[in-house]
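All remarks here apply to the structure that follows.
Here is how names work: the chains are called A, B, and so on, in the same order as the sequence lines, proteins then strands, and each is numbered from 1.
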Protein chains: 2
Amino acid sequence: MSSHPEPSPLSPRATEIVTAARALLEEQGPDSLTMRALAERLGIRAPSLYKHLPDKAAVEVALIERGLAELGQALHTAVTTPAGPSADSQEASTCPSPTDPSSATPVTAALEPIAAAPDFPAQTLTADVPTDEGPPSSPIETLLSAYRHHALANPALYRLATSGPLPRKRLAPGLEEWAGSPFFLAVGEPHLAQALWSFAHGMVILELDGRYPEGSDLDRTWAEGARAFSPGRP
Amino acid sequence: MSSHPEPSPLSPRATEIVTAARALLEEQGPDSLTMRALAERLGIRAPSLYKHLPDKAAVEVALIERGLAELGQALHTAVTTPAGPSADSQEASTCPSPTDPSSATPVTAALEPIAAAPDFPAQTLTADVPTDEGPPSSPIETLLSAYRHHALANPALYRLATSGPLPRKRLAPGLEEWAGSPFFLAVGEPHLAQALWSFAHGMVILELDGRYPEGSDLDRTWAEGARAFSPGRP
DNA sequence: CCTCCTGGGCTAACGTTGTTAGCCAGACTC
DNA sequence: GAGTCTGGCTAACAACGTTAGCCCAGGAGG
(Lines give C-alpha, C1' and ligand atoms only; values in the text may rest on other atoms or scores of the structure.)
Protein backbone atom coordinates (compact mmCIF):
# COMPACT_ATOMS: atom_id res chain seq x y z
CA MET A 1 0.00 0.00 0.00
CA SER A 2 1.65 3.26 1.16
CA SER A 3 1.28 6.55 -0.65
CA HIS A 4 1.36 5.42 -4.26
CA PRO A 5 2.67 8.49 -6.12
CA GLU A 6 6.21 9.06 -4.93
CA PRO A 7 6.95 12.48 -3.56
CA SER A 8 9.63 14.59 -5.20
CA PRO A 9 13.03 13.38 -4.03
CA LEU A 10 14.86 15.50 -1.47
CA SER A 11 18.32 15.32 0.00
CA PRO A 12 18.47 14.12 3.62
CA ARG A 13 19.26 17.59 4.85
CA ALA A 14 16.42 19.06 2.81
CA THR A 15 14.12 16.55 4.41
CA GLU A 16 15.24 17.70 7.83
CA ILE A 17 14.47 21.24 6.82
CA VAL A 18 11.01 20.35 5.64
CA THR A 19 10.36 18.47 8.85
CA ALA A 20 11.38 21.50 10.86
CA ALA A 21 9.19 23.64 8.64
CA ARG A 22 6.27 21.42 9.36
CA ALA A 23 6.74 21.67 13.10
CA LEU A 24 7.13 25.42 12.86
CA LEU A 25 4.03 25.69 10.73
CA GLU A 26 1.84 23.67 13.04
CA GLU A 27 3.20 25.24 16.21
CA GLN A 28 3.34 28.89 15.28
CA GLY A 29 1.06 29.30 12.30
CA PRO A 30 1.78 30.10 8.66
CA ASP A 31 2.87 33.69 9.13
CA SER A 32 5.66 32.52 11.39
CA LEU A 33 7.00 30.17 8.77
CA THR A 34 9.76 32.48 7.59
CA MET A 35 13.09 31.47 6.19
CA ARG A 36 14.89 33.09 9.09
CA ALA A 37 12.77 31.43 11.75
CA LEU A 38 13.10 28.12 9.98
CA ALA A 39 16.85 28.44 9.83
CA GLU A 40 17.09 29.45 13.45
CA ARG A 41 15.18 26.37 14.46
CA LEU A 42 17.90 24.35 12.78
CA GLY A 43 20.71 26.37 14.33
CA ILE A 44 21.79 27.92 11.04
CA ARG A 45 21.21 31.19 9.16
CA ALA A 46 18.60 31.79 6.52
CA PRO A 47 20.85 31.97 3.46
CA SER A 48 22.19 28.51 4.23
CA LEU A 49 18.78 27.05 3.51
CA TYR A 50 19.29 27.93 -0.11
CA LYS A 51 22.09 25.41 -0.32
CA HIS A 52 19.45 22.70 0.02
CA LEU A 53 16.25 24.09 -1.42
CA PRO A 54 15.86 26.56 -4.27
CA ASP A 55 13.36 28.88 -2.56
CA LYS A 56 10.60 29.11 -0.01
CA ALA A 57 8.07 27.79 -2.47
CA ALA A 58 10.01 24.54 -2.58
CA VAL A 59 9.59 24.18 1.16
CA GLU A 60 5.89 24.77 0.79
CA VAL A 61 5.57 22.36 -2.09
CA ALA A 62 7.27 19.68 -0.02
CA LEU A 63 4.89 20.42 2.83
CA ILE A 64 1.92 20.25 0.51
CA GLU A 65 3.08 16.89 -0.74
CA ARG A 66 3.36 15.58 2.77
CA GLY A 67 -0.04 16.97 3.62
CA LEU A 68 -1.71 15.40 0.62
CA ALA A 69 0.06 12.10 1.16
CA GLU A 70 -1.01 11.88 4.77
CA LEU A 71 -4.54 12.95 4.03
CA GLY A 72 -4.73 10.38 1.24
CA GLN A 73 -3.34 7.74 3.54
CA ALA A 74 -5.90 8.50 6.23
CA LEU A 75 -8.75 8.44 3.73
CA HIS A 76 -7.63 5.26 2.06
CA THR A 77 -7.39 3.33 5.28
CA ALA A 78 -10.73 4.78 6.37
CA VAL A 79 -12.32 3.49 3.20
CA THR A 80 -10.57 0.13 3.18
CA THR A 81 -10.91 -0.64 6.86
CA PRO A 82 -14.08 -2.73 7.41
CA ALA A 83 -16.03 0.22 8.84
CA GLY A 84 -14.58 0.92 12.23
CA PRO A 85 -16.76 3.46 14.00
CA SER A 86 -13.90 5.06 15.95
CA ALA A 87 -12.09 7.37 13.61
CA ASP A 88 -9.04 7.76 15.79
CA SER A 89 -7.58 4.32 15.25
CA GLN A 90 -6.67 4.94 11.63
CA GLU A 91 -4.35 7.86 12.10
CA ALA A 92 -2.37 6.13 14.80
CA SER A 93 -1.92 2.98 12.78
CA THR A 94 -0.73 4.45 9.52
CA CYS A 95 0.77 7.85 10.08
CA PRO A 96 4.36 6.83 10.81
CA SER A 97 4.63 6.91 7.04
CA PRO A 98 6.64 4.02 5.66
CA THR A 99 7.92 6.08 2.76
CA ASP A 100 9.63 8.70 4.86
CA PRO A 101 11.16 7.38 8.07
CA SER A 102 12.85 10.66 8.92
CA SER A 103 9.57 12.44 9.43
CA ALA A 104 9.56 11.63 13.10
CA THR A 105 7.37 14.61 13.84
CA PRO A 106 4.63 13.84 16.33
CA VAL A 107 1.85 14.22 13.81
CA THR A 108 -0.45 12.02 15.75
CA ALA A 109 -0.87 14.83 18.21
CA ALA A 110 -4.39 13.78 19.15
CA LEU A 111 -7.50 15.70 18.29
CA GLU A 112 -7.56 18.66 20.59
CA PRO A 113 -7.38 21.67 18.33
CA ILE A 114 -3.69 22.44 18.31
CA ALA A 115 -2.78 24.49 21.33
CA ALA A 116 -1.61 27.70 19.76
CA ALA A 117 -1.44 28.76 16.13
CA PRO A 118 -1.06 32.42 17.02
CA ASP A 119 -1.47 33.81 13.52
CA PHE A 120 -4.91 32.38 13.27
CA PRO A 121 -6.98 33.80 16.10
CA ALA A 122 -8.54 30.43 16.85
CA GLN A 123 -11.92 32.16 17.11
CA THR A 124 -14.68 29.63 17.42
CA LEU A 125 -12.18 26.82 17.51
CA THR A 126 -12.94 26.31 21.14
CA ALA A 127 -15.48 23.58 21.50
CA ASP A 128 -15.24 21.96 18.11
CA VAL A 129 -14.01 18.54 18.95
CA PRO A 130 -16.30 16.38 16.89
CA THR A 131 -18.52 14.13 18.88
CA ASP A 132 -18.21 10.52 17.88
CA GLU A 133 -21.46 8.81 18.60
CA GLY A 134 -24.52 7.41 16.95
CA PRO A 135 -24.83 4.30 14.79
CA PRO A 136 -21.68 2.57 13.43
CA SER A 137 -22.01 4.59 10.23
CA SER A 138 -21.97 3.96 6.51
CA PRO A 139 -18.84 4.08 4.32
CA ILE A 140 -19.61 7.68 3.47
CA GLU A 141 -19.93 8.66 7.11
CA THR A 142 -16.71 6.87 7.92
CA LEU A 143 -14.91 8.64 5.12
CA LEU A 144 -16.24 12.04 6.08
CA SER A 145 -15.38 11.49 9.70
CA ALA A 146 -11.83 10.53 8.81
CA TYR A 147 -11.55 13.58 6.59
CA ARG A 148 -12.74 15.93 9.28
CA HIS A 149 -10.62 14.43 12.00
CA HIS A 150 -7.50 14.46 9.92
CA ALA A 151 -7.95 18.06 8.87
CA LEU A 152 -8.72 19.29 12.36
CA ALA A 153 -5.72 17.44 13.73
CA ASN A 154 -3.38 19.16 11.25
CA PRO A 155 -5.08 22.46 10.57
CA ALA A 156 -2.21 24.53 9.28
CA LEU A 157 -0.88 21.80 7.04
CA TYR A 158 -4.35 21.05 5.72
CA ARG A 159 -4.91 24.68 4.90
CA LEU A 160 -1.56 24.98 3.19
CA ALA A 161 -2.14 21.84 1.17
CA THR A 162 -5.66 22.56 0.03
CA SER A 163 -6.10 26.31 -0.15
CA GLY A 164 -4.92 28.83 -2.64
CA PRO A 165 -3.68 28.23 -6.14
CA LEU A 166 -1.73 25.04 -6.59
CA PRO A 167 1.75 25.03 -8.12
CA ARG A 168 0.80 21.93 -10.06
CA LYS A 169 3.95 21.93 -12.11
CA ARG A 170 6.12 21.53 -9.04
CA LEU A 171 3.94 18.92 -7.40
CA ALA A 172 4.45 15.17 -7.61
CA PRO A 173 2.15 14.00 -10.41
CA GLY A 174 -0.90 12.01 -9.47
CA LEU A 175 -0.74 12.86 -5.79
CA GLU A 176 -3.95 14.86 -5.73
CA GLU A 177 -5.91 12.31 -7.67
CA TRP A 178 -4.66 9.60 -5.38
CA ALA A 179 -5.55 11.53 -2.26
CA GLY A 180 -9.05 12.15 -3.60
CA SER A 181 -9.72 8.69 -4.93
CA PRO A 182 -11.26 7.36 -1.69
CA PHE A 183 -14.25 9.53 -2.45
CA PHE A 184 -14.74 7.60 -5.63
CA LEU A 185 -14.27 4.34 -3.79
CA ALA A 186 -16.97 5.40 -1.36
CA VAL A 187 -19.66 6.52 -3.79
CA GLY A 188 -18.83 4.76 -7.04
CA GLU A 189 -19.66 7.62 -9.40
CA PRO A 190 -17.00 10.18 -10.31
CA HIS A 191 -19.11 13.32 -10.36
CA LEU A 192 -20.88 12.49 -7.15
CA ALA A 193 -17.48 11.73 -5.68
CA GLN A 194 -16.22 15.14 -6.70
CA ALA A 195 -19.29 16.75 -5.20
CA LEU A 196 -18.81 14.88 -1.95
CA TRP A 197 -15.16 15.88 -1.82
CA SER A 198 -16.13 19.49 -2.38
CA PHE A 199 -18.66 19.29 0.42
CA ALA A 200 -16.08 17.82 2.79
CA HIS A 201 -13.50 20.42 1.89
CA GLY A 202 -16.00 23.25 2.21
CA MET A 203 -17.08 22.05 5.63
CA VAL A 204 -13.57 21.63 6.90
CA ILE A 205 -12.12 24.83 5.59
CA LEU A 206 -15.03 26.89 6.85
CA GLU A 207 -14.72 25.21 10.22
CA LEU A 208 -10.98 25.84 10.34
CA ASP A 209 -11.48 29.45 9.39
CA GLY A 210 -14.03 29.88 12.17
CA ARG A 211 -16.60 30.82 9.60
CA TYR A 212 -19.69 29.26 11.09
CA PRO A 213 -21.84 31.24 13.51
CA GLU A 214 -20.92 30.87 17.15
CA GLY A 215 -23.17 28.09 18.39
CA SER A 216 -23.41 25.98 15.24
CA ASP A 217 -23.97 22.28 15.75
CA LEU A 218 -21.50 21.15 13.13
CA ASP A 219 -21.93 17.50 13.97
CA ARG A 220 -25.48 17.80 12.75
CA THR A 221 -24.44 19.70 9.66
CA TRP A 222 -21.97 16.96 8.77
CA ALA A 223 -24.64 14.36 9.41
CA GLU A 224 -27.10 16.22 7.24
CA GLY A 225 -24.59 16.40 4.43
CA ALA A 226 -23.70 12.75 4.76
CA ARG A 227 -27.37 11.88 4.59
CA ALA A 228 -27.84 13.96 1.46
CA PHE A 229 -25.03 12.12 -0.28
CA SER A 230 -26.09 8.66 0.83
CA PRO A 231 -27.64 6.39 -1.80
CA GLY A 232 -30.98 5.41 -0.30
CA ARG A 233 -31.72 7.94 2.39
CA PRO A 234 -34.42 7.64 5.01
CA MET B 1 -34.55 45.46 0.42
CA SER B 2 -30.84 46.23 -0.12
CA SER B 3 -28.05 44.74 1.96
CA HIS B 4 -29.63 44.72 5.39
CA PRO B 5 -26.67 44.89 7.76
CA GLU B 6 -25.02 48.25 7.24
CA PRO B 7 -21.35 48.15 6.38
CA SER B 8 -18.89 49.92 8.64
CA PRO B 9 -18.99 53.64 7.87
CA LEU B 10 -16.12 55.09 5.87
CA SER B 11 -15.18 58.63 4.94
CA PRO B 12 -15.76 59.50 1.29
CA ARG B 13 -12.05 59.45 0.57
CA ALA B 14 -11.68 56.11 2.31
CA THR B 15 -14.43 54.80 0.09
CA GLU B 16 -12.53 55.96 -2.95
CA ILE B 17 -9.49 54.14 -1.69
CA VAL B 18 -11.43 50.94 -1.17
CA THR B 19 -12.90 51.23 -4.64
CA ALA B 20 -9.45 51.61 -6.11
CA ALA B 21 -8.31 48.67 -4.05
CA ARG B 22 -11.06 46.59 -5.46
CA ALA B 23 -10.16 47.42 -9.01
CA LEU B 24 -6.51 46.74 -8.31
CA LEU B 25 -7.36 43.44 -6.69
CA GLU B 26 -9.51 42.20 -9.50
CA GLU B 27 -7.20 43.46 -12.23
CA GLN B 28 -3.81 42.48 -10.90
CA GLY B 29 -4.47 39.84 -8.28
CA PRO B 30 -4.05 39.84 -4.51
CA ASP B 31 -0.26 39.94 -4.43
CA SER B 32 -0.32 43.21 -6.31
CA LEU B 33 -2.61 44.82 -3.80
CA THR B 34 0.14 46.66 -1.95
CA MET B 35 -0.19 49.94 -0.16
CA ARG B 36 2.24 51.58 -2.54
CA ALA B 37 0.52 50.32 -5.66
CA LEU B 38 -2.82 51.33 -4.25
CA ALA B 39 -1.58 54.81 -3.47
CA GLU B 40 0.00 55.19 -6.87
CA ARG B 41 -3.28 54.33 -8.50
CA LEU B 42 -4.77 57.28 -6.66
CA GLY B 43 -1.90 59.60 -7.51
CA ILE B 44 -0.63 59.83 -3.95
CA ARG B 45 2.05 58.14 -1.82
CA ALA B 46 1.56 55.16 0.43
CA PRO B 47 1.84 56.88 3.81
CA SER B 48 -1.00 59.20 2.88
CA LEU B 49 -3.35 56.25 2.88
CA TYR B 50 -2.94 56.05 6.61
CA LYS B 51 -4.66 59.38 6.97
CA HIS B 52 -7.86 57.66 5.92
CA LEU B 53 -7.57 54.05 6.99
CA PRO B 54 -5.73 52.66 10.00
CA ASP B 55 -3.91 49.85 8.18
CA LYS B 56 -4.01 47.46 5.27
CA ALA B 57 -6.28 45.11 7.15
CA ALA B 58 -8.91 47.85 7.19
CA VAL B 59 -8.80 48.00 3.41
CA GLU B 60 -9.24 44.27 3.27
CA VAL B 61 -12.05 44.28 5.78
CA ALA B 62 -13.86 46.89 3.73
CA LEU B 63 -13.35 44.76 0.62
CA ILE B 64 -14.63 41.70 2.44
CA GLU B 65 -17.73 43.60 3.47
CA ARG B 66 -18.36 44.63 -0.10
CA GLY B 67 -17.80 41.10 -1.27
CA LEU B 68 -20.17 39.60 1.23
CA ALA B 69 -22.79 42.26 0.63
CA GLU B 70 -22.74 41.74 -3.11
CA LEU B 71 -22.74 37.99 -2.80
CA GLY B 72 -25.66 38.20 -0.39
CA GLN B 73 -27.48 40.52 -2.72
CA ALA B 74 -27.02 38.18 -5.66
CA LEU B 75 -28.20 35.19 -3.66
CA HIS B 76 -31.19 36.95 -2.19
CA THR B 77 -32.48 38.08 -5.52
CA ALA B 78 -31.81 34.62 -6.94
CA VAL B 79 -33.91 33.07 -4.21
CA THR B 80 -36.68 35.67 -4.30
CA THR B 81 -36.98 35.97 -8.06
CA PRO B 82 -39.70 33.57 -9.28
CA ALA B 83 -37.23 31.04 -10.68
CA GLY B 84 -35.68 32.62 -13.73
CA PRO B 85 -33.54 30.03 -15.49
CA SER B 86 -31.03 32.57 -16.83
CA ALA B 87 -28.69 33.40 -13.98
CA ASP B 88 -27.23 36.50 -15.63
CA SER B 89 -30.20 38.76 -15.21
CA GLN B 90 -29.91 39.03 -11.44
CA GLU B 91 -26.50 40.59 -11.20
CA ALA B 92 -27.29 43.27 -13.68
CA SER B 93 -30.52 44.24 -11.97
CA THR B 94 -29.29 44.62 -8.42
CA CYS B 95 -25.59 45.16 -8.33
CA PRO B 96 -25.46 48.95 -8.58
CA SER B 97 -25.87 48.77 -4.82
CA PRO B 98 -28.27 51.40 -3.53
CA THR B 99 -26.38 51.74 -0.25
CA ASP B 100 -23.14 52.88 -1.78
CA PRO B 101 -23.52 55.07 -4.85
CA SER B 102 -19.83 55.85 -5.10
CA SER B 103 -18.95 52.25 -5.92
CA ALA B 104 -19.25 52.91 -9.58
CA THR B 105 -16.88 50.08 -10.41
CA PRO B 106 -17.98 47.97 -13.34
CA VAL B 107 -18.71 44.94 -11.19
CA THR B 108 -21.10 43.55 -13.67
CA ALA B 109 -18.16 42.72 -15.86
CA ALA B 110 -19.90 39.78 -17.47
CA LEU B 111 -19.04 36.20 -16.90
CA GLU B 112 -15.88 35.53 -18.83
CA PRO B 113 -13.29 34.63 -16.24
CA ILE B 114 -11.50 37.92 -15.68
CA ALA B 115 -8.85 38.41 -18.29
CA ALA B 116 -5.70 38.49 -16.24
CA ALA B 117 -5.14 38.06 -12.53
CA PRO B 118 -1.43 37.50 -12.95
CA ASP B 119 -0.66 36.35 -9.42
CA PHE B 120 -2.93 33.39 -9.81
CA PRO B 121 -1.67 31.35 -12.72
CA ALA B 122 -5.18 30.87 -14.07
CA GLN B 123 -4.34 27.21 -14.61
CA THR B 124 -7.41 25.28 -15.59
CA LEU B 125 -9.47 28.43 -15.63
CA THR B 126 -9.64 28.23 -19.38
CA ALA B 127 -12.84 26.57 -20.42
CA ASP B 128 -14.82 26.88 -17.23
CA VAL B 129 -17.62 29.10 -18.27
CA PRO B 130 -20.60 27.30 -16.81
CA THR B 131 -23.04 25.99 -19.34
CA ASP B 132 -26.54 27.19 -18.72
CA GLU B 133 -28.90 24.66 -20.12
CA GLY B 134 -31.27 21.90 -19.12
CA PRO B 135 -34.63 22.15 -17.37
CA PRO B 136 -35.71 25.48 -15.79
CA SER B 137 -34.31 24.30 -12.45
CA SER B 138 -35.46 24.09 -8.85
CA PRO B 139 -34.88 26.81 -6.22
CA ILE B 140 -31.74 25.00 -5.10
CA GLU B 141 -30.37 24.83 -8.62
CA THR B 142 -31.14 28.50 -9.13
CA LEU B 143 -29.38 29.41 -5.91
CA LEU B 144 -26.33 27.31 -6.68
CA SER B 145 -26.11 28.70 -10.16
CA ALA B 146 -26.23 32.25 -8.85
CA TYR B 147 -23.57 31.42 -6.30
CA ARG B 148 -21.24 29.95 -8.85
CA HIS B 149 -21.73 32.69 -11.39
CA HIS B 150 -21.20 35.43 -8.88
CA ALA B 151 -18.02 33.87 -7.50
CA LEU B 152 -16.52 33.21 -10.91
CA ALA B 153 -17.32 36.74 -12.02
CA ASN B 154 -15.46 38.22 -9.05
CA PRO B 155 -12.83 35.60 -8.29
CA ALA B 156 -10.31 37.63 -6.34
CA LEU B 157 -12.90 39.38 -4.24
CA TYR B 158 -14.70 36.14 -3.55
CA ARG B 159 -11.51 34.49 -2.43
CA LEU B 160 -10.61 37.40 -0.21
CA ALA B 161 -14.04 37.50 1.34
CA THR B 162 -14.43 33.81 2.01
CA SER B 163 -10.99 32.33 2.53
CA GLY B 164 -8.64 32.50 5.44
CA PRO B 165 -9.42 33.42 8.99
CA LEU B 166 -12.04 36.09 9.39
CA PRO B 167 -11.37 39.21 11.44
CA ARG B 168 -14.88 38.96 12.88
CA LYS B 169 -14.34 41.71 15.36
CA ARG B 170 -13.73 44.22 12.62
CA LEU B 171 -16.54 43.06 10.37
CA ALA B 172 -20.01 44.57 10.24
CA PRO B 173 -22.14 42.38 12.51
CA GLY B 174 -24.71 40.14 10.90
CA LEU B 175 -23.30 40.48 7.42
CA GLU B 176 -22.20 36.89 7.08
CA GLU B 177 -25.46 35.51 8.41
CA TRP B 178 -27.37 37.73 6.06
CA ALA B 179 -25.28 36.69 3.07
CA GLY B 180 -25.80 33.03 3.92
CA SER B 181 -29.48 33.20 4.74
CA PRO B 182 -30.66 32.47 1.18
CA PHE B 183 -29.48 28.93 1.72
CA PHE B 184 -31.91 28.63 4.56
CA LEU B 185 -34.63 30.19 2.46
CA ALA B 186 -33.96 27.60 -0.22
CA VAL B 187 -33.94 24.44 1.88
CA GLY B 188 -35.88 25.36 5.01
CA GLU B 189 -33.72 23.51 7.53
CA PRO B 190 -30.72 25.26 9.11
CA HIS B 191 -28.29 22.37 9.21
CA LEU B 192 -29.05 21.25 5.70
CA ALA B 193 -28.69 24.87 4.66
CA GLN B 194 -25.26 25.04 6.24
CA ALA B 195 -24.29 21.83 4.50
CA LEU B 196 -25.46 23.17 1.16
CA TRP B 197 -23.55 26.39 1.69
CA SER B 198 -20.43 24.39 2.49
CA PHE B 199 -20.87 22.37 -0.66
CA ALA B 200 -21.25 25.49 -2.77
CA HIS B 201 -18.23 27.14 -1.21
CA GLY B 202 -16.14 24.00 -1.57
CA MET B 203 -17.06 23.70 -5.24
CA VAL B 204 -16.36 27.31 -6.02
CA ILE B 205 -13.12 27.66 -4.15
CA LEU B 206 -11.73 24.46 -5.59
CA GLU B 207 -12.73 25.60 -9.04
CA LEU B 208 -11.15 29.01 -8.53
CA ASP B 209 -7.97 27.42 -7.27
CA GLY B 210 -7.82 25.17 -10.31
CA ARG B 211 -7.94 22.17 -8.06
CA TYR B 212 -10.02 19.83 -10.17
CA PRO B 213 -8.34 17.50 -12.64
CA GLU B 214 -7.90 18.86 -16.12
CA GLY B 215 -10.95 17.67 -17.99
CA SER B 216 -13.50 17.67 -15.18
CA ASP B 217 -17.11 18.20 -16.17
CA LEU B 218 -17.93 20.59 -13.37
CA ASP B 219 -21.42 21.27 -14.65
CA ARG B 220 -22.22 17.67 -13.95
CA THR B 221 -20.60 17.78 -10.55
CA TRP B 222 -22.71 20.79 -9.62
CA ALA B 223 -25.78 19.03 -10.92
CA GLU B 224 -24.97 15.91 -8.95
CA GLY B 225 -24.56 17.96 -5.79
CA ALA B 226 -27.78 19.84 -6.40
CA ARG B 227 -29.58 16.56 -6.88
CA ALA B 228 -28.17 15.18 -3.64
CA PHE B 229 -29.46 18.17 -1.72
CA SER B 230 -32.86 18.26 -3.36
CA PRO B 231 -35.83 17.12 -1.27
CA GLY B 232 -37.39 14.35 -3.31
CA ARG B 233 -34.78 13.26 -5.78
CA PRO B 234 -35.38 11.08 -8.80
C1' DC C 1 51.97 14.65 2.37
C1' DC C 2 50.38 18.13 -0.44
C1' DT C 3 46.90 19.77 -3.42
C1' DC C 4 42.44 20.43 -5.10
C1' DC C 5 37.58 20.48 -4.97
C1' DT C 6 33.29 20.65 -3.14
C1' DG C 7 29.56 20.74 0.47
C1' DG C 8 27.72 23.64 3.62
C1' DG C 9 28.09 27.06 6.63
C1' DC C 10 28.73 32.40 7.12
C1' DT C 11 28.22 37.88 6.55
C1' DA C 12 26.72 41.76 3.91
C1' DA C 13 23.57 43.54 1.22
C1' DC C 14 19.53 44.51 -2.00
C1' DG C 15 14.76 45.28 -3.10
C1' DT C 16 9.89 44.93 -1.25
C1' DT C 17 6.63 45.00 2.02
C1' DG C 18 3.71 47.42 5.93
C1' DT C 19 4.06 51.22 8.91
C1' DT C 20 5.58 55.47 11.82
C1' DA C 21 7.41 60.11 12.64
C1' DG C 22 7.53 64.49 11.53
C1' DC C 23 7.14 68.36 8.25
C1' DC C 24 4.34 71.56 5.57
C1' DA C 25 0.77 73.79 2.45
C1' DG C 26 -3.72 75.07 1.92
C1' DA C 27 -8.44 75.91 3.60
C1' DC C 28 -11.63 76.96 6.99
C1' DT C 29 -13.00 79.22 11.43
C1' DC C 30 -13.17 82.78 14.83
C1' DG D 1 -5.11 88.04 10.73
C1' DA D 2 -4.29 83.91 13.98
C1' DG D 3 -5.13 79.38 14.69
C1' DT D 4 -6.40 74.76 13.68
C1' DC D 5 -7.57 70.86 11.01
C1' DT D 6 -7.00 68.04 6.66
C1' DG D 7 -4.34 65.69 3.75
C1' DG D 8 -0.56 65.54 1.30
C1' DC D 9 4.80 64.75 1.53
C1' DT D 10 9.81 62.66 2.62
C1' DA D 11 12.73 59.81 5.40
C1' DA D 12 13.14 56.02 7.78
C1' DC D 13 12.54 51.38 10.23
C1' DA D 14 11.96 46.48 10.75
C1' DA D 15 10.99 42.12 8.65
C1' DC D 16 10.71 39.48 4.62
C1' DG D 17 12.75 36.58 0.54
C1' DT D 18 16.81 36.26 -1.87
C1' DT D 19 21.72 36.84 -4.00
C1' DA D 20 26.75 37.41 -3.97
C1' DG D 21 30.76 36.18 -2.28
C1' DC D 22 33.89 34.41 1.41
C1' DC D 23 35.74 30.54 4.00
C1' DC D 24 36.53 26.32 6.44
C1' DA D 25 36.42 21.36 6.83
C1' DG D 26 37.00 17.04 4.80
C1' DG D 27 37.64 13.68 1.29
C1' DA D 28 40.09 12.33 -3.40
C1' DG D 29 44.03 11.94 -6.30
C1' DG D 30 48.61 12.23 -7.22
Side-chain angles (χ1 to χ4, degrees), chain A residues 9-25 27-64 102 117-121 156 159-160 164-167 169-170, chain B residues 9-25 27-64 102 117-121 156 159-160 164-167 169-170:
Chain A
L10 286 155
S11 78
R13 186 68 169 144
T15 312
E16 284 179 34
I17 293 174
V18 173
T19 301
R22 191 218 173 111
L24 195 56
L25 174 67
E27 286 169 19
Q28 323 237 42
D31 288 2
S32 299
L33 181 55
T34 79
M35 294 303 263
R36 283 179 236 263
L38 178 54
E40 191 184 13
R41 197 185 180 96
L42 292 158
I44 62 179
R45 303 304 169 89
S48 302
L49 296 173
Y50 292 81
K51 298 283 176 164
H52 307 280
L53 293 157
D55 51 13
K56 192 186 180 184
V59 180
E60 290 174 342
V61 166
L63 285 174
I64 292 176
S102 76
D119 295 336
F120 290 76
R159 210 194 307 255
L160 179 64
L166 242 201
K169 326 290 296 221
R170 302 179 71 164
Chain B
L10 285 151
S11 78
R13 188 78 228 247
T15 312
E16 285 180 33
I17 293 175
V18 173
T19 302
R22 191 219 172 108
L24 195 55
L25 174 67
E27 286 169 20
Q28 323 238 40
D31 287 2
S32 300
L33 180 55
T34 79
M35 295 303 264
R36 282 177 237 265
L38 178 53
E40 192 186 10
R41 196 185 181 97
L42 292 158
I44 63 179
R45 302 304 168 89
S48 302
L49 296 173
Y50 292 83
K51 298 283 174 164
H52 307 280
L53 292 158
D55 50 12
K56 191 185 180 185
V59 180
E60 291 174 342
V61 166
L63 285 175
I64 293 176
S102 75
D119 294 337
F120 289 77
R159 209 195 306 254
L160 179 65
L166 242 202
K169 325 291 295 222
R170 303 179 71 164

Phosphate OP1/OP2 of [N] contacted by [X] side-chain N/O (<4.0 Å):
X	N	answer
A:H52	C:dG9	yes
A:R13	C:dG9	yes
B:S48	D:dG7	no
B:R45	D:dT10	yes

Tell me: [atom1] of [X] to [atom2] of [N], nearest whole Å?
X	N	atom1	atom2	value
B:E40	D:dC9	CD	P	12 Å
A:L33	D:dA15	CG	C1'	15 Å
A:R36	D:dT19	CZ	C1'	12 Å
A:L38	D:dG17	CG	P	9 Å
B:I44	D:dG7	CD1	C1'	9 Å
A:L49	D:dT19	CG	P	13 Å
B:D31	D:dC16	CG	C1'	14 Å
B:L42	D:dG7	CG	P	14 Å

To check you understand the geometry: which heavy-atom pair defines the closest contact between [X] and [Y], and what is its length?
X	Y	answer
A:I44	A:S48	CD1-CB, 3.9 Å
A:L49	A:M35	CD1-O, 3.3 Å
B:L53	B:L10	CD2-CD2, 3.6 Å

Original post:
Is A:R41 paired with A:E16 through a side-chain N to carboxylate O contact shorter than 4.0 Å?
Top reply: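 Result for this pair is no, no salt bridge flagged.
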**OP:** Please say which of A:L63, A:I17, A:L160 ends up in a side chain to side chain contact (heavy atoms under 4.5 Å, CB included) with A:R22.
**Re:**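 The side chain to side chain contact (heavy atoms under 4.5 Å, CB included) with A:R22 is passed solely by A:L63 among A:L63, A:I17, A:L160.
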Original post:
What nucleic acid atoms does A:T34 come within less than 4.0 Å of, heavy atoms only: base, sugar-phosphate, or nothing?
Top reply: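 Counting heavy atoms under 4.0 Å across all strands, the contact made by A:T34 is with sugar-phosphate only.
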**OP:** Would you classify B:K56 as touching base, sugar-phosphate or nothing, given that sugar-phosphate means primed atoms plus P, OP1 and OP2, and contacts are heavy atoms under 4.0 Å?
**Re:**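 Here B:K56 touches the backbone only, sparing every base.
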Original post:
Picking from C:dG9, D:dT10, C:dG22, which would you name as closest to the side chain of A:K51?
Top reply: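 Given the options C:dG9, D:dT10, C:dG22, the side chain of A:K51 is closest to C:dG9.
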Subject >> Of the listed nucleotides D:dG8, C:dC10, C:dT19, the one nearest the side chain of B:M35 >> reply: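 Out of D:dG8, C:dC10, C:dT19, the nucleotide with an atom closest to B:M35's side chain is C:dT19.
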